[in-house]
There are 2 protein chains.
Amino acid sequence: MNTLTRQPQGCSNFKLRQLLRGVSRHYDAELANAGIKTTQYSLLSHLVDLGPITPGDLARRMGMDASTLTRNLRVVIEQGWATQGPGRDTRSRRVEVTSAGRAKRAEAKAHWKRAQLAFNARLGVTKVAALHELLDHALTHFSTGDHADD
Amino acid sequence: MNTLTRQPQGCSNFKLRQLLRGVSRHYDAELANAGIKTTQYSLLSHLVDLGPITPGDLARRMGMDASTLTRNLRVVIEQGWATQGPGRDTRSRRVEVTSAGRAKRAEAKAHWKRAQLAFNARLGVTKVAALHELLDHALTHFSTGDHADD
DNA sequence: TGACAATACTTGTATATGCAAATAAACCCG
DNA sequence: CGGGTTTATTTGCATATACAAGTATTGTCA
């Protein structure tokens with residue numbers, strides 16, 4: 001790799017957004033067979049993996065605004081995939097996945113895997129691995145959760 | 001780089017989404033100084049670069065759904081940055097940037113550049129260049145516009 | 001030419017997203 | 001203890017996103 005690379009010309013933000021649209025469409029098409037959206041699947045997966053957790057912590061972990069999580073969570077709770085109870089504080093809450101949520105997650109995971117493997121096949125595993133590495137690196141600098149943006 | 005890379009574990013879709021959230025926030029914070037959002041800036045820039053164009057073509061060029069463009073365009077038109085007139089057909093339209101739109105784009109471009117340079121500095125130009133290369137490659141396989149998704 | 005298909009755009013509906021502000025409770029300090 | 005500050009979450013508002021269905025028009029072919 002050349003160290004004297006010139007400043008990239010295209011807008012990084014636009015490229016990311018454009019690609020996300022296409023990729024989300026790919027994953028969503030597959031996950032639709034389990035009656036769930038990619039965003040909901042991510043949320044559900046994080047709930048399963050992180051166990052009972054406060055909304056705030058979950059939002060930080062997922063790198064999204066707390067207010068966004070509040071609303072995304074509402075949908076998941078309405079589906080019966082999670083519950084929200086009192087937390088250690090009166091101000092805080094405790095979110096937990098239900099057994100229906102675990103079942104739905106397991107069902108959806110099979111579809112997710114199909115989408116993921118198809119994605120890898122279409123792009124090539126090497127390129128996907130390289131992409132993940134760059135995304136992970138970039139996330140350490142631009143995760144919404146833990147940063148000072150200036 | 002190793003050709004025998006294993007299947008990447010994390011969800012590509014989620015990583016992209018998470019990073020976009022952070023990166024959009026970065027660009028939006030800067031563009032807010034020009035009173036415009038990144039999505040609107042992209043739309044405006046495409047209008048300037050592509051000249052008079054039909055909504056359908058513009059949507060394809062930007063890799064987004066036509067219905068999304070309809071609504072995003074509404075905001076831009078309400079701001080007086082573009083106009084929509086009759087096209088060659090009665091069904092078709094012709095979208096064109098206004099002089100106010102060109103001015104706003106020029107104003108915003110300076111802020112965009114600041115954001116872009118800060119992005120490059122934070123990540124390192126080499127990594128950004130590598131990222132762009134991968135994003136561009138992935139876009140050839142997953143652009144929403146011109147593909148058969150299965 | 002008249003119906004059926006294809007094209008171009010918009011609307012209906014649902015979700016995702018974040019900033020700013022509103023609530024509410026806990027914490028801290030004098 | 002009382003008041004100001006910090007913390008945790010939700011609401012108000014605006015935008016972004018896309019699929020499905022609706023509307024309007026054009027193209028095609030028998």
Side-chain angles (χ1 to χ4, degrees), chain A residues 13-14 16-29 31-32 35-44 53-60 62-79 84-95 143-145 147 149, chain B residues 13-14 16-29 31-32 35-44 53-60 62-79 84-95 144-145 149:
Chain A
N13 183 256
F14 178 66
L16 275 169
R17 184 173 291 265
Q18 199 176 9
L19 184 59
L20 177 63
R21 279 194 291 253
V23 172
S24 272
R25 189 183 173 192
H26 168 77
Y27 278 82
D28 270 325
L31 280 179
I36 194 172
K37 308 267 174 83
T38 53
T39 41
Q40 296 161 4
Y41 176 71
S42 296
L43 186 44
L44 195 49
I53 191 174
T54 66
D57 285 344
L58 185 53
R60 270 183 290 276
M62 298 189 65
M64 64 173 61
D65 192 88
S67 67
T68 300
L69 186 74
T70 293
R71 291 174 234 247
N72 291 3
L73 209 47
R74 171 146 53 228
V75 180
V76 169
I77 289 172
E78 275 167 7
Q79 296 287 328
Q84 197 175 29
R88 46 162 54 203
D89 269 7
T90 317
R91 12 171 214 190
S92 178
R93 307 274 185 265
R94 174 191 151 105
V95 186
S143 70
T144 310
H147 72 130
D149 202 74
Chain B
N13 183 257
F14 177 67
L16 274 170
R17 184 174 291 267
Q18 199 177 10
L19 184 59
L20 178 63
R21 280 195 289 255
V23 172
S24 271
R25 190 184 172 191
H26 168 77
Y27 279 82
D28 269 325
L31 280 179
I36 193 172
K37 308 266 173 86
T38 54
T39 42
Q40 296 161 3
Y41 177 71
S42 297
L43 187 45
L44 196 49
I53 191 173
T54 67
D57 285 343
L58 185 53
R60 272 184 289 278
M62 298 189 65
M64 63 172 62
D65 192 88
S67 67
T68 301
L69 186 73
T70 293
R71 292 174 231 248
N72 291 3
L73 209 46
R74 172 145 52 228
V75 181
V76 169
I77 290 172
E78 276 167 6
Q79 296 288 326
Q84 197 175 29
R88 45 164 52 206
D89 270 6
T90 318
R91 18 174 206 185
S92 179
R93 307 275 186 264
R94 173 191 151 104
V95 187
T144 311
D149 203 73

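In the text below, chain A, chain B and the rest are named by the order of the sequence lines, each starting its count at 1.
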Problem set entry | Side-chain donor or acceptor of B:Arg21 paired with backbone N/O of A:Met62 under 3.5 Å | yes

Among the candidates [options], find the nucleotide nearest to the side-chain atoms of [X].
| X | options | answer |
| --- | --- | --- |
| B:Pro55 | C:dC9, D:dT25, C:dA16 | C:dC9 |
| A:Lys37 | D:dA16, C:dA16, C:dT10 | C:dA16 |
| B:Arg91 | D:dA8, D:dC19, D:dG27 | D:dG27 |
| B:Met64 | D:dA18, D:dT26, C:dG18 | D:dA18 |
| B:Arg74 | C:dT11, C:dA16, C:dC19 | C:dT11 |
| A:Thr70 | C:dT13, C:dT15, D:dT11 | D:dT11 |
| B:Thr39 | C:dA26, C:dA16, D:dT17 | D:dT17 |
| B:Arg71 | C:dC9, C:dG12, D:dT10 | C:dG12 |
| B:Ser67 | D:dT7, D:dA18, C:dA16 | D:dA18 |
| A:Arg93 | C:dT10, D:dT25, D:dT9 | D:dT9 |

Specify the separation, in whole Å, of atom [atom1] of [X] and atom [atom2] of [N].
| X | N | atom1 | atom2 | answer |
| --- | --- | --- | --- | --- |
| B:Leu31 | C:dC19 | CG | P | 14 Å |
| A:Leu16 | D:dA16 | CG | C1' | 16 Å |
| A:Tyr27 | C:dA16 | OH | P | 18 Å |
| B:Asp28 | C:dG18 | CG | C1' | 9 Å |
| B:Asp65 | C:dA16 | CG | P | 17 Å |
| B:Leu20 | D:dA16 | CG | P | 13 Å |
| B:Glu78 | D:dA16 | CD | P | 11 Å |
| A:Leu43 | C:dT17 | CG | P | 10 Å |

Establish, with yes or no, whether the OP1 or OP2 oxygen of [N] is under 4.0 angstrom from a side-chain nitrogen or oxygen of [X].
| X | N | value |
| --- | --- | --- |
| B:Arg25 | C:dC19 | yes |
| A:Asn72 | C:dT15 | no |
| B:Arg17 | C:dT17 | yes |
| B:Gln84 | C:dT10 | yes |
| A:Ser92 | C:dA25 | no |
| B:Ser24 | C:dG18 | no |

For this session: Quick one: pull up CG in B:Leu43 and CG in B:Asn72 and give me the separation to the nearest 0.5 Å.
Result: 6.5 Å

Please find the pair of heavy atoms, one from [X] and one from [Y], that lie closest to each other, and give the distance.
| X | Y | value |
| --- | --- | --- |
| B:Ala59 | B:Leu69 | N-CD2, 3.7 Å |
| A:Val95 | A:Leu73 | CG2-CD2, 3.8 Å |
| A:Arg17 | B:Ser24 | NH2-OG, 3.0 Å |

For this session: Take B:Asp57 and B:Arg60 through the salt bridge (Lys or Arg N to Asp or Glu O under 4.0 Å) test and state the conclusion after the steps.
Result: CA-CA 5 Å; B:Asp57 285 343; B:Arg60 272 184 289 278; 3.0 Å; yes

Exercise. Reckon B:Thr68 touches a base, only the sugar-phosphate, or nothing at all at heavy-atom distances under 4.0 Å?
Worked result: base

